[in-house]
Amino acid sequence: MKAVMKAQWMKEKRKPYLILLFIGLSILATIIFGDTSEFEEQTVPIFSNEANAEEIESKWSELLNEEDSSMKFVITDEEQARADVSEGRRNAAVQLMEDDYQLIVASDLPYVLQIEQLVQQVFTKEAWIQAATGGESVADARDEINQLMEDPPVQVETRTTSGDEFQDYNMGMQLLFGFSLFIVMFTIGFKVNGINNDKVNGIWDRLILSPVSKSGMYAGHLLYSFLVGIFQLTAVFLIFRYLMGYDFENMWMILTLAAVFTLSMVSVAMLIAGMTKTPEKFYMIYPSVIPIIPIISGVYMPPGTLTNPIITFIGDLFPLSHAVEAMMGVALFDYGWTDLTLPIALMLLIGVICMGIGINMVERGKN
Amino acid sequence: MLETVKLSKTFKNIKAVDEIDLYLNRGESVGLLGPNGAGKSTTISMISSLMKPTSGDVLLNGKSTIKDPSEIRKVLGVVPQEIALYEELSAYENLKFFGEVYSVDKKRLEERIQYTLEMVGLKERQKGLIKTFSGGMKRRVNIAAALLHEPEILILDEPTVGIDPQSRNHILETVKRLNEEQGTTVLYTSHYMEEVEQLCDRVYIVDHGKLVASGTINELLSILSSEDTIQIQLSQTTDSLIEKVSAIDHVLRVDETKEGIRVISKKGSNLLSQIVQIAESEDLQIVHFEVEVPSLEDVFLHLTGKTLRD
């Protein structure tokens with residue numbers, strides 16, 4: 001086994017570009033697609049076509065922007081606002097009236113609900129103040145309420161169903177994990193394909209005739225693929241953590257999950273290697289299948305977006321969805337080892353099944 | 001030392017190897033001859049325990065190797081038809097890898113690497129990457145990789161296919177030295193008749209998975225000792241000519257060749273005048289006429305009805 005691993009390492013030393021390229025790609029993809037500012041701050045155009053439009057826009061713009069820093073309400077020309085929504089540049093726009101509003105949307109996105117909630121909250125609060133003061137000294141009453149709210153008599157705290165403190169979801173972090181794991185799947189696959197390469201060019205037969213056992217031959221290749229995969233993920237996560245300042249809460253838990261994912265993914269690659277039999281077919285099939293996995297696993301979308309039970313079931317057959325979910329749990333929701341038991345067990349189960357079938361398929365047909 | 005007993009292999013409904021019996025005595029050099037698809041590689045795969053036979057057995061010193069191949073693997077060195085080397089590594093690194101998988105002692109391995117590289121004439125190029133080597137050089141490293149653990153039996157599966165004459169001579173010299181100087185038992189498959197004539201004490205001829213003849217080269221040549229082979233180069237060949245020549249007494253067979261006809265007749269038959277008459281009657285001109293001394297190629301042709309490179 002050691003000799004097989006050493007030979008793979010010797011080859012790697014001559015051509016380290018693939019791993020370096022994939023490490024660079026992981027970081028680049030996260031920087032390009034994982035820019036969280038898009039998710040943290042939304043711009044919502046507002047406009048009014050009332051007679052005193054300027055006054056109304058100014059009043060509500062001030063009140064709306066005071067309420068929530070994650071949304072920015074910008075006074076815009078009506079035509080421009082409607083075009084922005086219909087062409088997908090903005091999720092929604094708000095048409096303001098004296099004491100009312102109308103939401104302009106193009107499709108039913110999750111962000112629309114957030115905008116609607118905020119706008120409704122501001123208008124309701126303003127209506128209460130108006131009703132309480134009878135329309136006089138509204139500004140004083142508002143200041144008084146704001147002062148009172150700094151130390152409110154009653155506080156409402158939102159918690160998750162399991163009783164944990166509610167955290168804002170960080171889509172950027174999900175994409176960081178998603179891209180890192182997605183790209184390492186390629187590295188792992190191309191290394192596992194070394195088995196097919198050895199079989200086709202006769203090295204495998206030479207090894208069979210040597211005192212190295214079959215399990216040693218497989219272990220040499222698979223352990224090497226695992227080590228390369230975990231090295232890549234560790235390097236990427238360390239760069240994100242210490243050079244780019246991402247906070248993973250518990251780095252050891254993240255690395256443990258990365259190791260289990262890598263192990264499981266080595267098995268999936270082994271299954272595909274067993275099905276394809278030749279390196280050429282593997283190079284054709286593997287890169288076609290892998291990009292589908294993050295899509296059906298919902299890695300590129302906020303949680304809850306993917307609701308089709310068949311697609312989510314297929315997504316759950318791959319380790320990616322379990323790994324990303326568990327990593328997000330650790331990074332955002334303070335997951336402990338007990339919380340990680342199920343995703344780890346599922347990934348290991350996928351690993352065992354795929355490895356068993358994969359090796360069986362590689363061996364089958366030999367005689 | 002090594003023996004196969006009614007060795008057979010069937011793939012789906014195709015019998016690739018059909019009850020082949022062959023044996024190798026210690027220190028012997030034996031050739032396995034046959035055209036492409038004759039079943040040579042399948043036979044070798046079964047002998048070397050890479051493939052299980054459908055029926056029959058492989059015996060090493062009288063002991064079956066089918067159920068427990070460990071013994072034969074210890075004494076066997078196999079040079080496969082393909083270049084079973086890592087292209088990205090140097091010749092030295094490849095040999096070190098194969099030596100390590102054979103658990104050759106570190107110090108001994110270094111000696112063996114240098115020795116085998118010298119034997120195949122690549123000691124000076126040991127640091128060169130395999131991918132930069134010519135086909136012939138690759139094949140020489142391919143042989144060196146099978147010699148590191150000092151095998152008692154060396155099986156070579158067409159080791160000279162597609163290489164330059166210099167590398168070919170080097171390989172043949174290497175195999176000859178291994179057999180003559182070190183007493184390595186050699187099973188050599190090829191479809192180059194002259195290689196087998198040069199290297200082997202005995203020859204097995206296979207065709208369509210079956211053993212069609214075996215024996216020493218002289219024994220095989222004696223198959224044709226009762227026959228004459230006459231090569232006749234003609235200005236043109238016609239069916240009528242072949243028909244008429246076939247009808248002459250003592251003519252056993254007439255084959256059409258690229259340049260004319262080949263006539264196989266009983267030894268000592270004086271056919272020249274009759275063939276000249278037939279050619280004249282057909283208005284054909286005899287360009288060249290030659291009575292051939294039989295070669296192994298002729299034996300093969302006689303037994304299988306085709307040339308080795310068919």
Side-chain angles (χ1 to χ4, degrees), chain A residues 1-21 190-225 228 277-280 283 360 362-367, chain B residues 9-12 41-42 44-54 65-66 69-90 92-104 106 109 129-131 138 142 145-146 148-149 151 153-155 157:
Chain A
M1 183 184 86
K2 271 200 304 190
V4 176
M5 280 180 69
K6 197 174 145 192
Q8 307 313 309
W9 168 238
M10 299 281 282
K11 286 195 289 175
E12 201 76 66
K13 268 202 311 186
R14 290 254 153 73
K15 272 188 183 171
Y17 317 114
L18 188 74
I19 293 182
L20 294 176
L21 177 78
F190 294 154
K191 297 298 150 201
V192 172
N193 196 27
I195 293 176
N196 275 343
N197 268 313
D198 282 5
K199 283 182 101 75
V200 166
N201 65 23
I203 291 174
W204 195 257
D205 281 349
R206 275 206 152 137
L207 294 176
I208 288 173
L209 295 175
S210 76
V212 177
S213 64
K214 268 267 177 78
S215 52
M217 288 155 62
Y218 280 110
H221 274 283
L222 299 177
L223 190 58
Y224 181 76
S225 308
V228 169
K277 302 246 190 264
T278 66
E280 292 78 17
Y283 283 129
N360 200 281
V362 169
E363 288 298 308
R364 215 169 55 177
K366 178 78 189 164
N367 289 311
Chain B
K9 183 72 189 177
T10 306
F11 295 108
K12 290 182 182 168
S41 295
T42 309
I44 280 181
S45 291
M46 288 190 286
I47 291 173
S48 55
S49 79
L50 286 170
M51 192 182 276
K52 283 210 163 110
T54 310
T65 65
I66 305 294
S70 59
E71 285 305 310
I72 195 166
R73 286 178 183 178
K74 277 183 203 163
V75 298
L76 204 64
V78 177
V79 180
Q81 208 175 104
E82 61 270 36
I83 310 289
L85 301 167
Y86 285 122
E87 295 263 323
E88 305 89 339
L89 301 185
S90 68
Y92 175 84
E93 286 164 342
N94 266 288
L95 295 185
K96 194 161 185 199
F97 164 63
F98 286 113
E100 280 171 356
V101 299
Y102 272 97
S103 310
V104 180
K106 205 174 173 183
L109 177 58
L129 298 185
I130 294 295
K131 64 181 173 190
K138 285 178 186 176
N142 210 26
L148 292 162
H149 60 293
I153 305 168
L154 184 64
I155 298 181
D157 191 2

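Within every chain, numbering begins at 1; the chains are lettered A, B, ... in the order of the sequence lines, protein sequences first and strands thereafter. Every value quoted in this text rests on a predicted model; they were computed, and no experiment measured them.
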Visitor: Check A:Lys15 with B:Glu88, please: is the shortest side-chain N to carboxylate O separation under 4.0 Å?
Guide: no
Visitor: Determine the minimum heavy-atom distance between B:Phe97 and A:Ala7, stating which atoms define it.
Guide: CD1-CB, 3.6 Å
Visitor: Give me the contact list for residues 70-79 of chain B versus chain A, heavy atoms only, anything under 4.5 Å, ordered by residue number.
Guide: B:Arg73, B:Val78, B:Val79
Visitor: What part of A:Glu12 is in contact with chain B, defined as an atom under 4.5 angstrom from a non-hydrogen atom: side chain, backbone, both or neither?
Guide: neither
Visitor: Need one label for B:Asn142: side chain, backbone, both or neither, based on atoms under 4.5 Å from any heavy atom in chain A.
Guide: both
Visitor: Applying side-chain contact (heavy atoms from CB on, under 4.5 Å), run through A:Trp204 and B:Leu50 and close with a yes or a no.
Guide: CA-CA 10 Å; A:Trp204 195 257; B:Leu50 286 170; over 6 Å; no
Visitor: Does any N or O in the side chain of A:Arg206 come within less than 3.5 Å of the main-chain N or O of B:Phe98, such that one atom is a donor and the other an acceptor?
Guide: no
Visitor: Which distance, rounded to the nearest 0.5 Å, do you find between the CG of A:Asp205 and the CD of B:Glu82?
Guide: 7.0 Å
Visitor: At a heavy-atom separation under 4.5 Å, does B:Leu89 approach chain A through its side chain, its backbone, both, or neither?
Guide: both
Visitor: Determine the minimum heavy-atom distance between B:Val101 and A:Ala3, stating which atoms define it.
Guide: CG1-CB, 3.8 Å
Visitor: So, do A:Asn197 and B:Tyr86 sit near enough that their side-chain heavy atoms are less than 4.5 Å apart?
Guide: no
Visitor: Answer with side chain, backbone, both or neither: which region of A:Leu207 has an atom nearer than 4.5 Å to a non-hydrogen atom of chain B?
Guide: side chain
Visitor: Just wondering, are more than 12 heavy atoms of other shown residues or ligands nearer than 6.0 Å to NZ in A:Lys11?
Guide: yes
Visitor: May I ask you to decide whether A:Arg14 forms a salt bridge with B:Glu93, counting only side-chain N to carboxylate O separations under 4.0 Å?
Guide: yes
